[in-house]
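No hydrogens, no waters, no symmetry mates; every other heavy atom, side chains included, goes into these values. Remember, predicted model here, so these are calculated numbers, not experimental data. Order of the sequence lines fixes the chain letters, A, B, ..., with proteins taken first and strands second; residue numbering starts at 1 for each chain.
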Amino acid sequence: MENNLTLFNTLSRKKETFQPIKPPHVGLYVCGPTVYGDPHLGHARPAITFDILFRYLNHLGYKVRYVRNITDVGHLENDADEGEDKIAQKARLEEIEPMEVVQYYTDRYHNYMQALNVKPPSIEPRASGHIIEQLEIVKEILDKGYAYEKNGSVYFDVEKYDKDHKYGILSGRVLDELLSTTRELEGQSEKRNSFDFALWKKATPTHIMRWPSPYSDGFPGWHLECSAMSAKYLGNEFDIHGGGMDLLFPHHECEIAQSVAAHGNTPARYWMHNNMITINGQKMGKSLGNFITLEEFFTGNHKLLDKAWSPMTIRFFILQAHYRSTVDFSNEALQAAEKGFQRLMDALQQIEKIKPGDTTTFDIEHFKSKCYAALNDDLNSPILIANLFEGAKAINGAVAGKVSFTEDDLATLRELMHLFSGDILGLETEDKSDAGDSEVLDGVMDLLLQVRQQAKKAKDFDTADRIRDGLKALGIEVRDSKDGAEWEVK
RNA sequence: GGUCGGUUGGCCGAGUGGCUAGGCAGUGGUCUGCAAAACCAUCUACGGCGGUUCGAAUCCGCCACCGACCUCCA
């Protein structure tokens, strides 16, 4: 299968032409959420980034198996010995079953991803449902001598691994430096070295999430689930592994070490990392107290927000920045995104009003190739959007009689605009009116605008303006044009 | 301290060795009864200092500032 898609591979720190291992199949694995809290803006970024990749690969004709996990075992809160499982902690605080916590936040995550028009992955495996697979990897790594058991827990021997393979190929970390920078944190650990990480942890008596194993009643280590589940559903070597930049080290580095130790090869060929979201220039994070949940965004119920911002505004805003750049949130920037998005959506509707002419004065082929070129250049969504605005300009120009399209070219333009903005970027008009009332509303509006038209004819502008201003106060915008008035619920 | 990345006009945000990014905001105009929308035109740039080059915002060096990772995080 032919494509010109290039992707920035964190492993090589270069853009590389994308070539799947077994075309037309593509295996894509993305680290999903840990479901112990409400979904926030940070969850939206990778979900949307890899949604675009998923949609585009499908468009190119690949058969994509997209696996995005749900982490429901919970990582440890602190240093291993003192640490507590996040989900278990939440469950204890709320006096419910851990799986109730997991179910609640998983549902919330799904609802908000749907609102953002993020397509569900092909498979969404849960860590808790793959304990057996994880234990198999623990055994393999132990058998091959890259792990050791201590008091019922199993740790990965990074030093030994580093001698035979190289630890740090993804993040560029050097073991000696890690040793010197983490020495202070070392306590009375069971670990031989501070940078060793747990493959299996023995549960303390109060730890409620636990499973039996040959080593102890316990739970799998921090990084193991992704190795186990990606291998199970995509094979020991698959095409693309994605996630947030914050997962690059140690999470993905450890994943690579585990997979190499167990299976002999790096799990994925291409590693893609989306950058972080910042708020007023600073990373959004729980510990910084500046994180905003998606619910807060959609309702405007947060002290940093001037008003509610719709899911599509947020999607559009995120796509206006390249996925490897940080994107800074502010009310001013969101306002600009909201208006820009509206302009694009309005233009898409205006296509239907264009009357075909004898000639075409817009270079559609050039437009098309520029759009593909943008996507092929490491999913450059901001450039694609800039191109779509050029399309929008041509559409508006045609409505204004300054640009002309033949019937065929008009159909092509319509198709391309919908393809790139709708199918690939997933941008869709948000219906703000209640669907059930729309028929009645349409009738009422027609009537009102007829009355207004009559008033205007009779030069009774007081009445005409009263209708327009009154509707505006109700959130309905009236726009006059040569062929009569249009209206829109704002 | 180590590693990596960034610094673009009022705001957000692309990109590139010489040719308009784009959106939002502003200004002037067309259209309109007036608006709105749309269209046309237009203004604000590439952190600082050196170097390479015919030419650098774009490549190199130094400096300043900001951020990320090194601990859970998307």
Side-chain angles (χ1 to χ4, degrees), chain A residues 13 30-34 36-37 39-50 74-80 83 86 168 171-174 176-178 180-182 185 194-195 222 242-251 273-278 281-288 291 316-317 320-322 324-344 346-347 350 374 377 380-390 392-393 395-403 456 459-461 464-465 468-469 472 477-482 485-486 488:
Chain A
R13 302 195 181 264
V30 175
C31 293
T34 304
Y36 71 106
H40 55 75
L41 211 46
H43 292 107
R45 187 108 198 248
I48 290 171
T49 297
F50 294 105
H75 296 312
L76 289 174
E77 195 67 58
N78 280 310
D79 200 29
K86 279 176 186 168
S171 62
R173 292 284 192 310
V174 179
D176 288 347
E177 287 168 4
L178 280 176
S180 59
T181 54
T182 54
L185 296 173
S194 57
F195 43 69
W222 308 1
M245 254 177 202
D246 51 341
L247 298 179
L248 209 156
F249 188 89
H251 184 58
H273 293 93
N274 62 274
N275 214 320
M276 302 289 102
I277 275 166
T278 59
Q282 197 177 31
K283 190 181 90 155
M284 190 185 78
K286 282 208 162 167
S287 53
L288 298 166
F291 81 103
F316 182 78
F317 181 64
Q320 263 195 316
H322 187 256
R324 283 192 288 115
S325 300
T326 56
V327 57
D328 193 48
F329 271 66
S330 66
N331 286 291
E332 208 180 359
L334 284 162
Q335 185 63 56
E338 186 180 75
K339 288 205 173 178
F341 173 66
Q342 197 54 52
R343 180 174 150 84
L344 191 60
D346 284 349
Q350 294 293 313
D377 185 14
N380 198 324
S381 58
I383 293 288
L384 177 56
I385 288 173
N387 293 338
L388 291 177
F389 275 112
E390 280 182 31
K393 200 169 190 173
I395 290 164
N396 289 328
V399 173
K402 298 192 173 178
V403 179
K456 279 173 66 175
K459 302 225 186 274
D460 178 6
F461 297 123
D465 288 350
R468 189 174 64 197
D469 296 345
K472 183 153 195 183
E477 188 177 274
V478 175
R479 293 197 288 259
D480 290 336
S481 74
K482 283 178 187 127
E486 294 170 26
E488 191 176 5

Exercise for the section: Report yes or no: is there a donor-acceptor pair, N or O only, under 3.5 Å between the side chain of A:K283 and the base of B:C73? Expected result: yes

Completion exercise
Checking B:A35, B:A21, B:C4 against the side chain of A:R13 (C-beta onward), the nearest is B:C4

Exercise for the section: Could you work out which one of B:C24, B:A74, B:C70 sits closest to the side chain of A:P250? Expected result: B:C70

Exercise for the section: From the options B:C69, B:C12, B:C24, select the nucleotide whose nearest atom is closest to the side chain of A:F317. Expected result: B:C12

Fill in the blank from the handout: Of A:V327, A:D328, A:T326, the one forming a side-chain contact (heavy atoms from CB on, under 4.5 Å) with A:I277 is A:V327

Problem - Within-4.5 Å side-chain heavy-atom neighbours: A:E486 and A:D346 - result: no

Exercise for the section: Could you work out the separation of B:C12 and B:G50 based on their C1' atoms and round it to a whole Å? Expected result: 32 Å

Handout entry: Whole-Å distance separating the CZ atom of A:F329 from the P atom of B:G67
Key = 19 Å

Handout entry: Length of the CG-P vector between A:L344 and B:G22, whole Å
Key = 15 Å

Exercise for the section: Tell me what A:L247 touches on the nucleic acid: a base, only sugar-phosphate, or nothing, going by heavy atoms under 4.0 Å. Expected result: sugar-phosphate

Practice task
Check the distance between B:G15's P and A:L384's CG and give it to me in whole angstrom.
Solution key: 13 Å

Practice task
Answer with yes or no whether A:N331 presents, from its side chain, a donor or acceptor under 3.5 Å of a partner atom in the base of B:C12.
Solution key: no

Practice task
Tell me whether A:F389 is stacked on the nucleobase of B:G22, counting only the six-membered base ring and applying the 5.5 Å and 30° thresholds.
Solution key: no

Completion exercise
Heavy atoms of A:L384 and A:A374 approach each other most closely as N-CB, 3.7 Å

Problem - Heavy-atom donor-acceptor pair, A:D465 side-chain to B:G33 base, under 3.5 Å - result: yes

Exercise for the section: Examine B:A74: is either OP1 or OP2 under 4.0 Å from a nitrogen or oxygen in the side chain of A:N274? Give yes or no. Expected result: no

Practice task
Using distance alone, with no hydrogens and no angle criterion, decide if A:S325 and A:N275 have a side-chain donor and acceptor under 3.5 Å apart.
Solution key: no

Handout entry: Test: A:D246 and A:K283 ion pair at under 4.0 Å
Key = no

Exercise for the section: Have a look at A:A386 and say if it touches a base, only the backbone sugar-phosphate, or nothing, with a 4.0 Å heavy-atom cut-off. Expected result: base

Handout entry: Sugar-phosphate, base or nothing in reach of A:F249, heavy atoms under 4.0 Å
Key = sugar-phosphate

Practice task
Specify the separation, in whole Å, of atom CD of A:E332 and atom P of B:G13.
Solution key: 11 Å

Practice task
Could you tell me whether the side chain of A:R468 has a donor or acceptor atom within less than 3.5 Å of a complementary atom in the base of B:C34?
Solution key: yes

Exercise for the section: Check whether any side-chain N or O of A:R343 sits under 4.0 Å from OP1 or OP2 of B:A38, and answer yes or no. Expected result: yes

Exercise for the section: Would you classify A:T278 as touching base, sugar-phosphate or nothing, given that sugar-phosphate means primed atoms plus P, OP1 and OP2, and contacts are heavy atoms under 4.0 Å? Expected result: nothing

Exercise for the section: Using Watson-Crick or G-U wobble geometry with both distances below 3.5 Å, tell me the partner of B:U52, or none. Expected result: none

Handout entry: Among B:A38, B:A74, B:C40, the nucleotide that comes nearest once only the side chain of A:K402 is considered
Key = B:C40

Fill in the blank from the handout: Among B:G13, B:A74, B:C34, the one nearest any side-chain atom of A:D480 is B:C34

Exercise for the section: Give a yes/no answer on whether the side chain of A:S330 brings an N or O atom under 4.0 Å of OP1 or OP2 in B:C11. Expected result: no

Exercise for the section: With a 3.5 angstrom cut-off on both distances, give the Watson-Crick or G-U wobble partner of B:U42, or none if there isn't one. Expected result: B:G26

Exercise for the section: Searching all strands shown, indicate the nucleotide that pairs with B:A21 (Watson-Crick or G-U wobble; both distances under 3.5 Å). Expected result: none

Handout entry: A:Q335-A:N331 side chain donor-acceptor pair, cut-off 3.5 Å
Key = no

Exercise for the section: Nearest whole angstrom, please: distance from the P of B:G23 to the CZ of A:F341. Expected result: 16 Å

Handout entry: 5' precedence on RNA chain B between A:S171 and A:N380 (nearest-nucleotide basis)
Key = A:S171

Problem - Any donor-acceptor N/O pair, A:N380 side chain to A:I383 backbone, under 3.5 Å - result: yes

Problem - Identified pairing partner of B:A57, criterion: Watson-Crick or G-U wobble below 3.5 Å - result: none

Exercise for the section: Write down the distance separating the P atoms in B:G33 and B:G18, rounded off to the nearest Å. Expected result: 49 Å

Exercise for the section: Describe the nucleic acid contact of A:V478 in one word from base, sugar-phosphate, nothing, applying a heavy-atom distance below 4.0 Å. Expected result: base

Handout entry: C1' gap between B:U58 and B:G6, integer Å
Key = 15 Å

Handout entry: Separation of the C1' atoms in B:G10 and B:U27, to the nearest angstrom
Key = 13 Å

Practice task
Identify whether any heavy atom of A:Q335 sits under 4.0 Å from a base atom; if not, whether one sits that close to sugar-phosphate; answer base, sugar-phosphate or nothing.
Solution key: nothing

Exercise for the section: Between B:A36 and B:U16, how far apart are the C1' atoms? Round to whole Å, please. Expected result: 38 Å

Problem - Inter-nucleotide C1' distance (B:G15, B:U8), Å rounded - result: 10 Å

Practice task
Starting at atom NE2 of A:H40, determine the distance to atom P of B:A74, rounded to an integer number of angstrom.
Solution key: 5 Å

Exercise for the section: Nearest-nucleotide wise, let me know which of A:R479 and A:K393 is further upstream toward the 5' end of RNA chain B. Expected result: A:R479

Problem - Complement of B:G47, any strand, by Watson-Crick or G-U distances under 3.5 angstrom - result: B:C63

Handout entry: Under-4.0 Å side-chain N/O to phosphate OP1/OP2 contact, A:T326 with B:A68
Key = no

Problem - Salt bridge present between A:D469 and A:K472 (N-O < 4.0 angstrom) - result: no

Problem - Ring geometry between A:F316 and A:F341 (parallel below 30°, tilted from 30 to 60°, perpendicular above 60°) - result: tilted

Handout entry: Spacing of the C1' atoms in B:G47 and B:C66 (rounded, Å)
Key = 11 Å

Handout entry: Atom-to-atom span, CZ of A:F316 to P of B:G13 - whole angstrom
Key = 13 Å

Practice task
Look at all strands and tell whether A:G42 reaches a base, only sugar-phosphate, or nothing, counting heavy atoms closer than 4.0 Å.
Solution key: base

Completion exercise
From NZ of A:K459 across to P of B:C34 the rounded distance in Å is 10 Å

Problem - Rounded P spacing from B:A57 to B:G17 in Å - result: 14 Å

